[in-house]
Amino acid sequence: MRAFLSLYAGARRLGLVLCCGAMLLGSNASAGLNEVGKAPPSVHRLKLFVDPQLADDIGAAEAGRRLAQYVADVNTVFTRETVRSFVFDPVNDLQLIAPAAAPQCSHSGLVNGEIVVCISKSTKGYSHGGLAASWTFPQKGVAWNLNWIAIHDPLRLSRAITKAAPESTEKDYLGRQLKTLLHELEHVFGAGAGEYYNASAVKDTTGTAPQADLALMSDTDRYWWTRQSWRLDPLLGTVFEQRRDPATNRVITLNMIRFTEGTKANINTDWSDWPKYGTSKFMAGTTATQVRITDRGTGAALPGAQVSVWRNAGTSTEQPMVLLAQGVADEAGRFAFDWACGFTCFNSAKSTLLVKASAPGRSPTASWFTIFDAFEQKAVKGQSTFTIDMSLGGVDNVPPTVSVSAPAMATLGQPVTIAPAVVDNVGVWGVKVAGAGGIPICTFEAPPFTCTWTPMTPGMQTIRVIGVDAAGNSAMATANVMVNAPTDMAPPVVSVAVPAATGVSKTTTLSAAAQANSGIAELQFIVDGKTLCTVKTAPYTCNWTPGAAGYASIEARAVDAMGNVASVSANMQVNAQVTPYRALAMKDGEKDVAEQLLTQAAAPAAVVVPKVRTAVALRERSGS
């Protein structure tokens with residue numbers, strides 16, 4: 001978890017976002033609000049303005065090829081998680097110019113449907129920074145203040161450390177550049193205003209029992225316990241860890257990233273008719289907020305419970321919290337209050353509530369609630385009122401009994417079973433299995449507690465199982481597992497061959513070759529970040545019919561029987577298809593002319609026979 005902490009601290013230091021609010025242009029409220037998450041698919045052109053220093057040692061053509069792979073990796077995530085995707089043509093969409101000299105990076109001359117990304121040269125030895133803004137999500141937007149140490153080759157990442165690069169290209173690309181690029185593009189589409197990470201560490205300054213700091217990194221934090229999946233969203237943090245090897249890590253990272261339901265609802269909504277902020281029924285209508293108090297044992301309403309509500313002051317997570325409301329639950333066990341927040345809930349740290357409840361003869365309890373919970377309740381779940389559920393039970397100071405069964409030995413990259421056992425005198429509230437650095441492997445709120453773990457770091461690994469009961473008492477058990485390297489860690493050798501150009505709606509054959517010591521398990525053809533074909537046996541070919549003109553990045557990714565990964569990419573131009581006049585019911589002579597025209601349209605003007613571009617990934621390992 002050290003990597004997460006350092007990245008998180010850097011994000012907080014550098015102010016990783018400009019919340020979209022001040023940049024939005026309002027318009028008349030009409031459709032859209034009752035169709036949250038139902039926007040039609042859309043494709044957005046990315047325009048990159050990159051400091052020329054970043055291309056000095058690789059040249060413009062290689063910079064364009066690498067950045068096309070960046071966009072393909074972004075598309076891998078966005079096309080899986082949302083209805084949005086991106087196109088990027090290095091010839092037309094990349095300008096090597098200092099962002100300070102590009103008017104678009106100062107929000108001038110932006111074009112609807114396009115998103116500008118402005119990248120400067122970092123002087124700190126690592127990549128950092130990032131801000132974003134958009135106008136009526138997502139007609140146009142800009143991500144700027146990105147500072148990169150280099151334009152890496154995503155298919156050739158390394159763990160080597162040099163004086164010029166104190167962090168490996170693997171960590172810099174996956175843990176900083178890709179994570180931040182995804183983070184800012186999520187913001188461009190309206191997600192995460194207020195910043196998830198503002199709820200990762202908030203001090204309880206109320207002085208009222210029970211003490212309940214909000215702490216993502218705590219094993220027993222009950223708010224984050226039920227939101228472990230939020231860790232996988234780049235808006236909160238990073239899922240990057242140094243695992244097996246750079247090539248494998250890139251694939252694992254791309255597969256692990258998941259947007260929260262609230263993030264997806266925001267991104268998949270057409271906000272072009274965003275209403276005046278104070279009347280937004282989904283985000284700003286915070287007056288109808290209620291706390292529901294029940295008996296922990298029976299679930300019945302608990303009238304007469306004392307309720308207190310605090311809110312962050314909005315200046316810092318370390319500032320004293322502000323008492324917002326106090327009162328007594330009514331006969332239905334409910335206490336209603338006004339959040340008194342409106343659109344300012346999006347401001348840094350102001351979007352977090354702490355609620356505490358108590359009753360005679362019962363243990364007091366506390367619960368956190370954020371604007372992201374509010375959005376999911378209303379926009380995702382369709383609730384009419386923000387609701388904070390809390391239960392009170394008798395005094396219980398007895399922790400649960402926890403044990404764990406795990407194999408003494410495991411093999412890198414091979415799944416094994418971890419079997420926790422947790423019992424409690426009153427009831428088990430949750431069970432967590434955590435690995436190195438506190439990263440959760442499995443989190444359970446109900447049995448069965450069986451957990452599958454795939455070790456990705458060799459050596460002795462300590463597995464921890466944490467059990468929490470309904471009263472908040474906790475206990476832990478550990479097990480040590482020796483993780484051995486597999487007998488074969490040599491990556492496959494893979495090559496890909498694609499035509500230099502093709503045409504829209506024209507079936508095009510992609511070919512690849514691969515070999516490995518342990519045999520090839522599968523070979524994937526990935527077009528602009530989206531898997532097109534998965535082939536298990538040779539010959540490795542895939543037919544692709546382009547749907548739109550432009551530029552395509554083709555990746556061939558080979559996985560051997562031991563899980564080793566190697567990738568290679570090639571670029572292809574997709575030309576607009578020409579449909580000859582009188583295309584239907586043509587005579588034989590006319591048909592010959594038509595086919596000749598189609599062939600000419602699919603190939604570059606000066607080329608008679610279509611060229612084939614071939615790329616090869618050599619069997620070599622980077623770093624250790």
Side-chain angles (χ1 to χ4, degrees), residues 1-4 215-232 237 239-244 248-249 251-253 255-258 296-297 391 393 396-487 489 521 559 561-563:
M1 187 50 77
R2 187 176 305 153
F4 175 86
L216 172 65
M217 305 305 297
S218 170
D219 286 332
T220 57
D221 184 288
R222 296 180 69 159
Y223 177 86
W224 285 109
W225 191 292
T226 57
R227 296 164 180 83
Q228 290 299 325
S229 62
W230 288 17
R231 288 174 178 258
L232 306 181
V239 297
F240 166 72
E241 302 170 65
Q242 183 169 297
R243 293 181 174 90
R244 185 169 176 177
T248 305
N249 287 356
V251 176
I252 291 174
T253 299
N255 288 337
M256 283 182 63
I257 293 172
R258 291 293 184 274
R296 185 178 298 149
S391 62
D396 174 20
N397 296 316
V398 180
T401 300
V402 181
S403 61
V404 57
S405 174
M409 303 185 72
T411 301
L412 197 70
Q414 302 299 315
V416 295
T417 299
I418 307 296
V422 182
V423 295
D424 186 72
N425 62 319
V426 176
V428 176
W429 181 82
V431 174
K432 182 187 296 182
V433 181
I439 297 288
I441 300 170
C442 299
T443 303
F444 305 98
E445 296 174 55
F449 301 135
T450 302
C451 175
T452 299
W453 172 51
T454 302
M456 287 297 177
T457 304
M460 185 65 73
Q461 304 293 316
T462 299
I463 301 298
R464 296 182 302 122
V465 173
I466 303 98
V468 177
D469 67 15
N473 303 302
S474 64
M476 181 177 68
T478 63
N480 291 324
V481 180
M482 175 57 72
V483 179
N484 299 310
T487 55
M489 293 189 66
V559 183
M562 301 304 296

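In what follows, every heavy atom counts, from backbone to side chain, and hydrogens, waters and symmetry copies are set aside. Predicted model, so just to flag it, every value in this text is computed and none were measured.
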Subject >> Reported CD1-to-CD distance for the pair Ile441 and Gln228, which is rounded to 0.5 angstrom >> reply: 12.0 Å
Subject >> Met562 side, atom CE; Thr411 side, atom OG1 - distance, nearest 0.5 Å >> reply: 7.5 Å
Subject >> Tyr223: partners by ring pair (Phe, Tyr, Trp, His ring centres under 6.0 Å), with sequence neighbours left out >> reply: none
**OP:** For Trp224, enumerate each residue passing the ring pair (Phe, Tyr, Trp, His ring centres under 6.0 Å) test, keeping only those at least two apart in sequence or located in another chain.
**Re:** Trp230
Provide the closest heavy-atom pair for [X] versus [Y] in the form atom of the first, atom of the second, distance.
X: Leu412; Y: Met456; answer: CD1-C, 3.2 Å
X: Asn473; Y: Val398; answer: ND2-O, 3.5 Å
X: Thr450; Y: Phe444; answer: O-CZ, 3.3 Å
X: Ile466; Y: Trp225; answer: O-CH2, 3.7 Å
X: Asp221; Y: Ala215; answer: OD2-N, 2.7 Å
X: Pro400; Y: Ala475; answer: O-CB, 3.3 Å

Do [X] and [Y] come close enough that some side-chain heavy atom pair is under 4.5 Å?
X: Cys451; Y: Phe449; result: no
X: Val465; Y: Val433; result: yes
X: Ile463; Y: Trp453; result: yes
X: Thr478; Y: Thr462; result: yes
X: Asp396; Y: Asp424; result: yes

Original post:
Judged by atom type as modelled, is there a donor-acceptor pair below 3.5 Å linking the side chain of Arg231 to the main-chain atoms of Leu216?
Top reply: yes
Original post:
Counting N and O atoms only, with roles assigned by atom type, does the side chain of Lys432 sit under 3.5 Å from a partner on the main chain of Asp219, one being a donor and the other an acceptor?
Top reply: yes
